[in-house]
S.K.: 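Below you'll find the structure I mean.
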Amino acid sequence: MKHLKTLREKNHLSQQKLASMINVSQQSIYKYENGLAEPDIKTLIDLADYFNTSVDYLIGNTNICRKYEHLNEEELSDIEFEMIKEFRELPADLKSILISYAKKYNSKS
């Protein structure tokens, strides 16, 4: 997986921390990063979701990192823009918690 290690390091995550966040072993992350094994489809999707990227980016089929990179700032309200700006500065584990909370909250609506 071409970009996994870069994404993990950019988000200041150890292999163990990332592994626990997506429910795989640290050894699996090591193998994915070093081309010794490939994740199953569910794990690949979990990784892409965790890093807010696409499966294509993870495996090297595109250089577009973010799923929502195409969002135009003019299409966002002031509060949406501010939230995105602040969210991008958070560590990956806190981002994951906030996303989980938002999904849970929205499913109750």
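When a residue number appears, it is its place in the shown sequence, counting from 1. Any value given below was found using the heavy atoms of this structure, including those in side chains, with hydrogens, waters and symmetry copies removed. Keep in mind that what you see is a predicted model, and the values were worked out from it rather than measured.
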S.K.: Show the numbers, then the answer: is there a side-chain contact (heavy atoms from CB on, under 4.5 Å) between Asn11 and Lys95?
M.R.: CA-CA 10 Å; Asn11 285 275; Lys95 287 178 183 178; 4.2 Å; yes
S.K.: Taking only distance into account, with no hydrogens and no angle test, what donor-acceptor pairs under 3.5 Å do side-chain atoms of residues 17-25 form with protein atoms, sequence neighbours excluded?
M.R.:
| unit_1 | atom_1 | unit_2 | atom_2 | d |
| --- | --- | --- | --- | --- |
| Ser20 | OG | Lys17 | O | 2.8 |
| Ser25 | OG | Ser28 | N | 3.0 |
| Ser25 | OG | Ser28 | OG | 2.9 |

S.K.: Following the transitive rule for hydrophobic clusters with a side-chain heavy-atom cut-off under 4.5 Å over Ile, Leu, Val, Met, Phe, Trp and Tyr, establish whether Phe51 and Ile99 coincide in one cluster.
M.R.: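 Looking at the clustering, Ile99 is in a separate group from Phe51.
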S.K.: Does CD in Glu9 sit with more than 12 non-hydrogen atoms of other residues, nucleotides or ligands closer than 6.0 Å?
M.R.: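 Yes, enclosed.
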S.K.: Enter the distance from Ile97:CD1 to Leu90:CG here, rounded to the nearest 0.5 Å.
M.R.: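 Those atoms lie 10.5 Å apart.
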S.K.: Would you name the heavy atoms of Glu33 and Lys5 that are closest together and state the gap between them?
M.R.: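 Nearest heavy atoms, Glu33 then Lys5: OE2-CA, 3.6 Å.
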S.K.: With rounding to the nearest 0.5 angstrom, report the CD to OH distance, Gln27 to Tyr32.
M.R.: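 OH of Tyr32 is found 11.0 Å from CD of Gln27.
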S.K.: Does Leu13 form a side-chain contact (heavy atoms from CB on, under 4.5 Å) with Tyr50? I'd like the steps, not just the answer.
M.R.: CA-CA 12 Å; Leu13 293 169; Tyr50 182 81; 3.6 Å; yes
S.K.: Starting at OG1 of Thr6, measure out to CE of Met1 and round the result to the nearest 0.5 Å.
M.R.: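 If we round to the nearest 0.5 Å, Thr6:OG1 and Met1:CE are 11.0 Å apart.
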S.K.: Strictly distance-based, threshold 3.5 Å: is any side-chain N or O of Ser100 a donor or acceptor partner for the main-chain N or O of Ser96?
M.R.: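 Checked: pair present.
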S.K.: Is there a side-chain contact between Ile41 and Val55 (heavy atoms, below 4.5 Å)?
M.R.: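 In short, these two side chains do not touch, never coming nearer than 4.5 Å.
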S.K.: For Leu36, check side chain to side chain contact (heavy atoms under 4.5 Å, CB included) against everything at least two apart and list the hits.
M.R.: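 Applying side chain to side chain contact (heavy atoms under 4.5 Å, CB included) to Leu36 gives Tyr30, Lys31, Asn34.
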S.K.: Tell me every residue that passes side chain to side chain contact (heavy atoms under 4.5 Å, CB included) with Asp56, counting only those two or more places apart in sequence or in another chain.
M.R.: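 Asp56 satisfies side chain to side chain contact (heavy atoms under 4.5 Å, CB included) with Ser54, Ile59, Asn61, Thr62 only.
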